[in-house]
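This structure is in structure tokens; I'll ask about it shortly.
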Amino acid sequence: MEPNGEEDEEGVPKVGRKGDEEEPALGIAVVGLQILRGAHPKIMHGIHGCIHFSSRSFNTHLHWTTVKIMDLLHGIGVDLVLYLQANYRNYESVFHLASSLADLHTPIFIFFPVWFHLHQKVGINLIWVAVVGDWLNLVFKWVLFGERPYWWVHETQFYGSAPPPVLQQFPITCETGPGSPSGHAMGLAGVWHVMVTAVLAANTERTHSALFSWVVRLGLWMVLAIVILLVCMSRVYVAAHFPHQVITGVIAGMIVAEVFNRVQWIYSASLKKYLYVTLFLLTFALGFYVLLKALGVDLLWTLDKAKRWCIRPEWVHMDTTPFASLMRNMGTLFGLGLGLHSPLCEQKKEIKSASFRLGCIIFSLLLLQLLDTVSLPSKSNILFYLLSFCKSAAAPFITAALVPGCLSVLFLSKNVQRNL
Ligand SMILES: O=P(O)(O)OC[C@H]1O[C@@H](O)[C@H](O)[C@@H](O)[C@@H]1O
């Protein structure tokens with residue numbers, strides 16, 4: 001039903017004809033009366049009108065109820081942002097650290113090299129959970145059309161004619177994608193769930209007393225809970241998210257990690273499979289974007305809002321755009337497949353010593369920090385996305401193939417010399 005030009009006390013347009021009561025029940029009651037009168041043509045017309053009127057009216061009601069509930073949720077969320085910004089100013093550096101820890105860059109450039117050389121399966125699982133989780137996050141964001149506090153306060157009718165609350169912005173505030181669910185919260189929950197369960201599994205393999213195991217278990221889950229809480233507070237503090245978005249992010253991340261805990265084929269997937277999965281995820285996301293674009297829905301609607309409401313243009317980073325994250329994820333997955341199936345990776349299987357593993361971890365971390373210093377030109381979008389793909393593919397390839405391959409040559413030649 002169309003807006004009728006009248007507005008309610010909160011400025012929300014009223015719908016339906018002027019003077020109409022909008023209760024679906026009324027339409028049904030009118031038809032009931034007609035049936036009682038026995039006026040056949042009128043009954044048929046009335047039934048048709050009733051179904052039409054009540055379903056449209058119901059949909060409109062549902063729409064405006066949803067809008068009002070979301071406004072309320074957003075309003076409460078903004079109050080929490082204001083509360084955190086007023087009372088937790090001293091923790092600003094902790095919040096910034098928490099947000100950068102939760103960025104998917106950390107699992108790929110720091111956690112993966114460590115886990116891959118300590119326990120290969122955990123490293124592989126980590127990448128799959130991070131990549132597929134982030135891809136799902138993108139799809140959810142496109143489907144859910146979530147707002148972000150830093151632009152919502154300027155565009156909502158919620159505050160009527162009163163001035164909107166003033167939210168402080170930071171260099172990490174101006175995310176360019178939709179807000180629901182939080183990618184940081186989802187990625188962190190998934191990746192840390194993988195790491196905590198890996199440590200717990202290693203702990204249960206050892207013969208400790210039941211009390212010790214219980215204390216370790218409790219301690220680790222508490223650490224996870226504290227890290228998650230900090231990251232959630234950080235995303236709300238910087239006005240990038242409403243509280244419900246970080247909560248749903250955490251739940252979604254945990255579900256992704258739990259699902260991958262039960263999936264075994266990722267450990268033996270062939271290079272072909274890596275290629276097919278990468279292509280499937282890429283074409284699905286691009287196809288979804290193109291399809292909705294053809295239907296008149298622009299999934300990049302948030303870019304303009306970020307540019308309009310971010311107080312500093314240099315805080316709007318191109319690498320936070322949905323396509324940049326898609327290309328990074330696809331590059332990472334494909335790079336892992338390439339690395340695992342490279343002949344360089346094969347060589348490391350012959351060496352199991354702790355010093356070799358330690359060497360691999362240290363050199364991988366060093367090379368990845370070097371790779372990280374490479375900044376990509378952002379003048380052309382296509383070039384930026386392609387280079388993002390390549391850079392992301394290089395990270396797991398360096399860790400899984402290049403470093404162990406080169407170090408194993410060194411280790412093996414040393415052993416040969418010793419034996420001579
Ligand atoms: O939704 P959040 O928590 O603001 O996270 C945004 C981030 O979400 C990640 O999923 C993307 O890979 C990043 O590119 C993006 O910056």
Side-chain angles (χ1 to χ4, degrees), residues 77 81 95-109 127-152 167 169-192 227-253 256-257 281-282 285 299-303 305-306 309-310 315-333 372 376 378 381 384-385 387-389 391-392 395:
V81 178
F95 289 149
H96 278 81
L97 183 73
S99 266
S100 61
L101 193 72
D103 195 288
L104 275 194
H105 172 272
T106 311
I108 292 157
F109 280 71
I127 294 284
W128 277 90
V129 167
V131 166
V132 176
D134 206 40
W135 179 85
L136 275 174
N137 181 263
L138 172 76
V139 175
F140 287 153
K141 276 179 168 150
W142 275 351
V143 169
L144 294 175
F145 291 88
E147 307 277 349
R148 288 187 188 262
Y150 79 91
W151 74 58
W152 181 82
L167 298 184
Q169 293 186 11
F170 304 88
I172 54 169
T173 297
C174 305
E175 290 281 353
T176 55
S180 212
S182 161
H184 282 78
M186 189 165 165
L188 177 104
V191 164
W192 279 65
V227 174
I228 286 178
L229 182 69
L230 272 178
V231 169
C232 291
M233 283 175 78
S234 138
R235 302 307 291 158
V236 175
Y237 179 87
V238 300
H241 283 294
F242 295 101
H244 65 278
Q245 299 174 335
V246 289
I247 295 170
T248 44
V250 170
I251 297 170
V256 172
L281 296 178
L282 185 65
L299 292 178
L300 299 183
W301 58 280
T302 47
L303 268 174
K305 290 183 192 277
W309 297 117
C310 187
W315 287 352
V316 181
H317 299 290
M318 194 165 166
D319 60 0
T320 67
T321 59
F323 284 130
S325 95
L326 180 67
M327 294 309 276
R328 272 200 307 276
N329 288 326
M330 297 308 99
T332 306
L333 192 62
D372 205 20
L376 307 177
S378 56
N381 286 0
F384 180 81
Y385 296 146
L387 291 176
S388 290
F389 181 93
K391 184 175 169 182
S392 306

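Remember, it's a predicted structure, so these values are computed and weren't measured experimentally. Atoms within each ligand, like the ligands themselves, are counted from 1 in listed order.
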Partners meeting disulfide bond (SG atoms under 2.5 Å apart) with Cys174 (sequence neighbours left out):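 So Cys174 forms a disulfide bond (SG atoms under 2.5 Å apart) with Cys310.
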Checking the side chain of Thr176 only, and the main-chain atoms of Thr321 only, is there a donor and an acceptor separated by less than 3.5 Å?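 Checking the backbone N and O of Thr321 against the side chain of Thr176, a donor-acceptor pair under 3.5 Å is found.
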N/O to N/O under 3.5 Å, ligand 1 against protein:
| unit_1 | atom_1 | unit_2 | atom_2 | d |
| --- | --- | --- | --- | --- |
| ligand 1 | 1 (O) | Lys141 | NZ | 2.6 |
| ligand 1 | 1 (O) | Arg148 | NH2 | 3.4 |
| ligand 1 | 1 (O) | Gly183 | N | 2.7 |
| ligand 1 | 1 (O) | His241 | NE2 | 3.0 |
| ligand 1 | 3 (O) | Ser182 | OG | 2.9 |
| ligand 1 | 3 (O) | Gly183 | N | 3.2 |
| ligand 1 | 3 (O) | His184 | N | 2.9 |
| ligand 1 | 3 (O) | His184 | ND1 | 2.8 |
| ligand 1 | 3 (O) | Arg235 | NE | 3.3 |
| ligand 1 | 3 (O) | His241 | NE2 | 2.8 |
| ligand 1 | 4 (O) | Arg148 | NH1 | 2.9 |
| ligand 1 | 4 (O) | Arg148 | NH2 | 3.2 |
| ligand 1 | 4 (O) | Arg235 | NH2 | 2.7 |
| ligand 1 | 4 (O) | His241 | NE2 | 3.0 |
| ligand 1 | 5 (O) | His184 | ND1 | 2.8 |
| ligand 1 | 10 (O) | Asp134 | OD1 | 2.2 |
| ligand 1 | 10 (O) | Asp134 | OD2 | 3.3 |
| ligand 1 | 12 (O) | Asp134 | OD2 | 2.8 |
| ligand 1 | 12 (O) | Arg328 | NH2 | 3.4 |
| ligand 1 | 14 (O) | Asp319 | O | 3.4 |
| ligand 1 | 14 (O) | Arg328 | NH2 | 2.7 |
| ligand 1 | 16 (O) | Glu175 | OE1 | 2.8 |
| ligand 1 | 16 (O) | Glu175 | OE2 | 3.4 |

* Asked: Do Thr248 side-chain atoms and Gln245 backbone N/O form a donor-acceptor pair below 3.5 Å?
  ->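 Present.
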Would you call the rings of Phe95 and Tyr237 parallel, tilted or perpendicular, where under 30° means parallel and over 60° means perpendicular?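 Phe95 and Tyr237: tilted rings.
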Practice task
Give a yes or no answer on whether the side chain of Trp135 reaches the backbone of Leu281 with a donor-acceptor pair at less than 3.5 Å.
Solution key: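 Yes, the answer is positive, given that a donor and an acceptor are paired below the 3.5 Å cut-off.
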Look at Glu175 together with Arg235 and state whether they make a salt bridge at an N to O cut-off of under 4.0 Å.
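Counted as a salt bridge, because a side-chain N and a carboxylate O are separated by less than 4.0 Å.
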